[in-house]
Amino acid sequence: MSEDIRVRFAPSPTGLLHIGGARTAIYNWAYAKHFNGTFILRIDDTDPERSTKENTQVILRALKWLGLDWDEGPFKGGPHEPYFQTQRAQTYQDALQELIKRDAVYPCFCSAEKLAQDREAAHERQDSFQGYPGTCRKLSKEEAQAKIDAGEPHVWRIKVPEKEFIEYDDCVHGHAKFNTKEMDDFILIRSDGTPTYNFATVIDDALMGITHIIRGDDHISNTPRQVMVYEALGYPVPKFAHLSMILGPDGKKLSKRHGATSVEEYKEKGYLPEVIVNYLALLGWSLDGETTIFSKETLCNNFDLDRISKNPAIFDEEKLNWMNAEYLKALSDEEYTKRATMPALIEAGLASEDDYKNNPEWFEKLAPLAKPRVKVIPEIAPLLSFLFKEGELEYDEKSVQKNVAKEGVKELLDLATEALSKIDADNFSVEEIDKTLQPIPEAKEVSKKKFFQPIRVGITGSQVSPQLSESMELLGKETCLKRLEDVKKFAL
RNA sequence: GGCCCGUUCGUCUAGCGGCCUAGGACACCGCCCUCUCAAGGCGGAGAUCACGGGUUCGAAUCCCGUACGGGCUACCA
């Protein structure tokens, strides 16, 4: 039995839960599940400008919707509370004190202007090193203390160690090695006393015992800096797994310009949470190269870091749509009704929860009609709205022109009406309807198309619709006869 | 400018030196089924494995360059 795996997802509540963040969360979660580890949720809200309570709520809700339950974190508790960085100020101060004691940091009194000037100058000269030149590192302890005592504003910087390389293991990219010559003494504590990301995240990850840091590869360049902090404090350096970016259809960073970018939006658009998890899991990871649809259980049983791909992935909504349709079709009629049909109908104002309770069998019969035609949940309402219209239908003009307003149609509709009226209203079923209507076109020597399409337009208002007989059964004898009567006015 | 990362069908990917005349999925095309639209079944097209050099009996797979794309270089995360 190896060490217990502890992973974490640490979003900054500066916006909704982005698709990329969701994938990171999924990978962390699945990794923990697979190895019986612990999945920790921590809110990295150290940026006071952009972090909000609302965003935190939204992110938490989105994670729950996706079914990514955390073992430790907000509203769940755990041995390392609190799980909000803004509530851990003392922890970072303690860490700073420890670093001071170890002589691994020093105060820096350079003003923002001075730093900007230095940077500018280095840029002009095209220096190979453009980081902080280490001005204040040269100050003696006494000089520095005197300045602090005099109340001069200062930040705390880490001392880049003497050794030549900083190294760490990346489960996706392999062993990484950075030359310390290229690193500068970066800031740990800001002049207002708050920690920077590169400091807070290391302290928390170390204290929370995180063993594997799975996150976006935009952090690769930050990693050696963070490793410096681990080492300065004598903490074990965790393993890393850096995930490539998710891009928009144009190959550029996924942004609002491309449409929906947050999981909240995909929920609104009618995607199933398990589809989002399945699809996102596949963006940068594969089960076996063959299987595209798999359950969360399968994901958890098989997910590992060694099958994560290094290349950035383009988010393909077409494939997402296909997958959503697949999942939808696989639901039982009862589940389909509860999760898809009813939400869609209620949203469209066509039916209510009570309607369903009063007649569940009827509503469940809608599922087979919708399943093969629907990719996202909201598509259900327009597809089935004809079943809920009172009074005369609004007809699709083209459908009427093409199918009803033709010579001989009146007679065919009359025949259909007459035949149907003989069916007992209590027995107005698909079987009876088929048995009644099926022989007519043959007998009259007209094509089935010519016979059925006018009926379809009469019953549904359009030449494009779900199965006719099923629709008729759902509507009932009375309504069907009424609608056939209505449409006759266009027939010749 | 410096450092770092990436590059297999349009897209997601399989591939970790011979099984690859490169496999699967989405999308696309054709046929079948069919009273519409779908769904479904069957089949097809689609990748000189970014490019150029090596290493090797043998490379998509290893090494080195180049190009292109991306990240970092903040008192943002």
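Numbers restart at 1 for each chain; the letters A, B, ... are given by sequence-line order, proteins then strands.
- B/rA14 and B/rG24: their C1' atoms are spaced 7 Å apart (whole Å).
- Aromatic ring centres of A/Tyr279 and A/Phe315: separated by under 6.0 Å.
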Please write out the pairs of protein N or O atoms and N or O atoms of nucleotides 68-75 of chain B separated by less than 3.5 Å, giving the distance to one decimal.
unit_1 : atom_1 : unit_2   : atom_2 : d
B/rG71 : O2'    : A/Asp218 : O      : 3.3
B/rG71 : N2     : A/Ser221 : OG     : 3.1
B/rC72 : O2'    : A/Arg225 : NH2    : 2.9
B/rA74 : OP2    : A/Arg119 : NH1    : 3.3
B/rC75 : O2     : A/Ser191 : N      : 3.0
B/rC75 : O2     : A/Ser191 : OG     : 2.9
B/rC75 : N3     : A/Ser191 : OG     : 3.0

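- Of the options A/Arg137, A/Arg157, A/Lys159, a salt bridge (charged side-chain N to carboxylate O under 4.0 Å, His left out) to A/Asp185 is made by A/Arg137 and by none of the others.
- In this entry the distance linking CG of A/Leu280 with P of B/rU13 reads 11 Å, nearest Å.
- Across B/rC3, B/rG2, B/rC12, the shortest atom-to-atom separation from the side chain of A/Ser128 is found for B/rG2.
- Distance noted for atom P between B/rC20 and B/rA39: 33 Å (whole Å).
- Rounded to whole Å, the separation between the P atoms of B/rC63 and B/rC4 comes to 15 Å.
- Dense packing is recorded around NZ of A/Lys269, with more than 12 heavy atoms of other residues, nucleotides or ligands lying under 6.0 Å away.
- If you check every strand for non-hydrogen atoms under 4.0 Å, A/Thr291 touches nothing.
- Put simply, NZ on A/Lys319 is 14 Å from P on B/rC9, counting in whole angstrom units.
- Annotation: A/Trp285 is in aromatic contact with A/Phe303 [ring centroid separation under 6.0 Å].
- Note on A/Glu182: only backbone sugar-phosphate atoms sit closer than 4.0 angstrom, heavy atoms only; bases stay farther off.
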Can you give me the N/O atom pairs linking the protein to nucleotides 63-65 of chain B at distances under 3.5 Å, or say none if there are none?
none

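- Here the two rings, on A/His212 and A/Tyr31, have centers that are under 6.0 Å apart.
- In this structure, CD1 of A/Ile246 is placed 18 Å from P of B/rG6, rounded to the nearest angstrom.
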Give each protein N/O atom lying under 3.5 Å from an N/O atom of nucleotides 32-35 of chain B, with the pair distance.
unit_1 : atom_1 : unit_2   : atom_2 : d
B/rC35 : OP1    : A/Lys448 : NZ     : 3.0
B/rC35 : O2     : A/Arg456 : NH2    : 2.6

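- On the C1' atoms, B/rA27 is 24 Å away from B/rG69, given to the nearest whole Å.
- When rounded to the nearest whole Å, the span between CZ of A/Phe294 and P of B/rC12 equals 16 Å.
- Note on A/Phe315: nothing from the nucleic acid sits closer than 4.0 angstrom, heavy atoms only.
- The residue A/Thr292 sits close only to the backbone: its heavy atoms come under 4.0 Å of sugar-phosphate atoms, none of a base.
- Listed by chain and number, the residues in a side chain to side chain donor-acceptor pair (under 3.5 Å) with A/Asp204 are A/Gln85, A/Arg88, A/Tyr92 (sequence neighbours excluded).
- Atom name C1', nucleotides B/rA22 and B/rU48: the rounded distance is 12 Å, in whole Å.
- As rounded to the nearest Å, B/rG6 and B/rA45 have C1' atoms that lie 30 Å from one another.
- Panel note: side chain A/Glu364, backbone A/Asp333; no donor-acceptor pair is recorded below 3.5 Å.
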Distances under 3.5 Å between protein N/O atoms and the N/O atoms of nucleotides 40-51 of chain B, please, pair by pair.
unit_1 : atom_1 : unit_2   : atom_2 : d
B/rG40 : OP1    : A/Lys329 : NZ     : 3.3

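- Using the Watson-Crick or G-U wobble rule with both distances under 3.5 Å, B/rC37 pairs with nothing in any strand shown.
- Qualifying salt bridge (charged side-chain N to carboxylate O under 4.0 Å, His left out) partners for A/Lys310, counting only residues two or more places apart in sequence or in other chains: none.
- In this entry the distance linking CD of A/Glu317 with P of B/rU11 reads 17 Å, nearest Å.
- Per the geometry, CZ belonging to A/Phe386 stands 16 Å off P belonging to B/rC37, to the nearest Å.
- Separation of the P atoms belonging to B/rG18 and B/rC62 is 12 Å when rounded to the nearest angstrom.
- Atom CG in A/Leu320 sits about 19 Å away from atom P in B/rA25, given to the nearest Å.
- Ring centroid separation for the pair A/Tyr168 and A/Phe240 comes in under the 6.0 Å cut-off.
- You'll find the side chain of A/Cys480 reaches within 4.5 Å of the side chain of A/Phe428, heavy atoms only.
- Across all strands shown, A/Thr46 has heavy atoms under 4.0 Å from sugar-phosphate atoms exclusively, and none from any base.
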